[in-house]
Enquirer: 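Encoded as structure tokens, here's the structure I'll be asking about.
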Amino acid sequence: MQVGLVIGTATATIKHPSMNGWKLLVVQPYQSDGRTPDGEPVLAVDSLGAGCGDRALITSDGKGTRTLLKSDTTPVRWSVMGIADE
Amino acid sequence: MRIGEVIGTVTLNRSHPSLVGASFKLAVPLTLSNLSGAAPILGEELVVYDALGTGIGSRIAISEGGEAAQPFRPDMKPVDAYNAAILDQINLDDSLNT
């Protein structure tokens, strides 16, 4: 899991059917010090209602995302599993 | 999934039998400064399996690694970059560009 800052949202009409109805967040992952960005922004599926400016806890566990989206064939990996308080 | 921009198409002359008839696009992953328009796109492009008929210049969600081969379950395809979605809009909150 990694802490990242939610910097925006993304919308897509043409997509893999397993992603229908799920909010896509643009999350910039941070390194352990919580300030320096770590790589490119990623797209994470969100079920907790994280908004812009939130510090989201994103996981790259494909298995967890597959059970979250109830689809064995989803190409999504990152999903938001928590919103850090501070 | 990373955000990428489609910059070209790739057609295969000879390929793995399971990839016959597949269409591929050339996409480059975008960094935060690319998204906010502050820097030119200098990423290393990669070949993405595209089943959505994406046009050149559109922004897509590139799924990579093990998840890129998931959509073909149960049969197996040697794919490690898959176009999961054509992004209509990316709304970035500019005040957060740290």
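Atom set for the values below is all heavy atoms of this structure, side chains included, hydrogens, waters and symmetry mates excluded. We name chains A, B, ... by the order of the sequence lines, and we start the count at 1 in each one.
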Enquirer: Please say which of B/D93, B/N91, B/I90, B/L32 ends up in a side chain to side chain contact (heavy atoms under 4.5 Å, CB included) with A/I7.
Expert: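 Testing each of B/D93, B/N91, B/I90, B/L32 against A/I7, the sole residue satisfying side chain to side chain contact (heavy atoms under 4.5 Å, CB included) is B/L32.
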Enquirer: Based on non-hydrogen pairs under 4.5 Å, which of A/P41, A/G39, A/A10 is most in contact with chain B?
Expert: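 Answer, by heavy-atom pair count under 4.5 Å with chain B: A/P41.
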Enquirer: Could you walk me through whether B/R73 and A/R66 pass the side-chain contact (heavy atoms from CB on, under 4.5 Å) check?
Expert: CA-CA 13 Å; B/R73 280 168 78 131; A/R66 282 194 288 278; 4.3 Å; yes
Enquirer: With the 4.5 Å side-chain cut-off for hydrophobic clustering, are A/L69 and B/F72 part of the same group?
Expert: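 Yes, one cluster joins them.
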Enquirer: Should B/I3 and A/V80 be regarded as members of a common hydrophobic cluster, given that ILVMFWY residues are connected when their side-chain heavy atoms come within less than 4.5 Å of each other, either directly or indirectly?
Expert: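 Each belongs to a different hydrophobic cluster.
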Enquirer: Chain B heavy atoms under 4.5 Å from A/T9: which part of the residue, side chain, backbone, both or neither?
Expert: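 For A/T9, backbone and side chain are both near chain B.
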Enquirer: Without hydrogens or angle criteria, can the side chains of A/T11 and B/D88 be said to hold a donor-acceptor pair below 3.5 Å?
Expert: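 Not at all, the side chains of A/T11 and B/D88 share no donor-acceptor pair under 3.5 Å.
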Enquirer: For A/P75 and B/P71, which heavy atoms make the closest approach, and how far apart are they?
Expert: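 Distance-wise, the nearest heavy atoms are CB-CG, 3.9 Å.
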Enquirer: Do you know the tightest heavy-atom contact between B/M1 and A/L24?
Expert: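 Heavy-atom minimum between the residues: CE-CD2, 4.0 Å.
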Enquirer: Between A/V6 and A/Y30, is there a shared hydrophobic cluster once you connect ILVMFWY residues whose side-chain heavy atoms come closer than 4.5 Å?
Expert: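 Per the 4.5 Å side-chain linkage, A/V6 and A/Y30 are not co-clustered.
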Enquirer: Under 4.5 Å between side-chain heavy atoms, hopping through other hydrophobics if needed: is there a path connecting B/Y82 to B/V47?
Expert: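 B/Y82 and B/V47: one cluster.
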Enquirer: Measure B/A68 against the heavy atoms of chain A and call it side chain, backbone, both or neither at under 4.5 Å.
Expert: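 Neither the backbone nor the side chain of B/A68 comes within 4.5 Å of chain A.
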Enquirer: Side-chain heavy atoms nearer than 4.5 Å, only ILVMFWY residues, links allowed to pass through others: does that put B/I41 and B/I7 together?
Expert: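 Both belong to a single hydrophobic cluster.
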Enquirer: Side chain, backbone, both or neither: which part of A/V26 has an atom under 4.5 Å from a heavy atom of chain B?
Expert: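 For A/V26, side-chain heavy atoms alone lie under 4.5 Å from chain B.
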Enquirer: Name the member of B/T54, B/I60, B/I62, B/L87 that forms the most heavy-atom pairs with chain A at distances under 4.5 Å.
Expert: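 Of the options given, most contacts go to B/L87.
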Enquirer: Give me the atom names and distance for the closest heavy-atom approach of A/L43 to B/A61.
Expert: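 Shortest heavy-atom separation between A/L43 and B/A61 comes out as CD1-CB, 3.5 Å.
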Enquirer: Can you tell which of A/T74, A/T73, A/V76 has the highest number of heavy-atom pairs within less than 4.5 Å of chain B?
Expert: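 Most pairs with chain B among the choices: A/T73.
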Enquirer: Ignoring hydrogens, what is the shortest heavy-atom contact between A/K15 and B/A85? Give both atom names and the distance.
Expert: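 Closest approach of A/K15 to B/A85, heavy atoms only: CB-CB, 3.5 Å.
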Enquirer: If you look at every heavy atom in B/G66 and A/R77, which pair is closest and at what distance?
Expert: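 Reported closest heavy-atom pair: N-NH2, 3.9 Å.
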Enquirer: Is it the side chain or the backbone of B/L35 that comes within 4.5 Å of chain A heavy atoms, both, or neither?
Expert: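 Looking at B/L35, just its side chain touches chain A.
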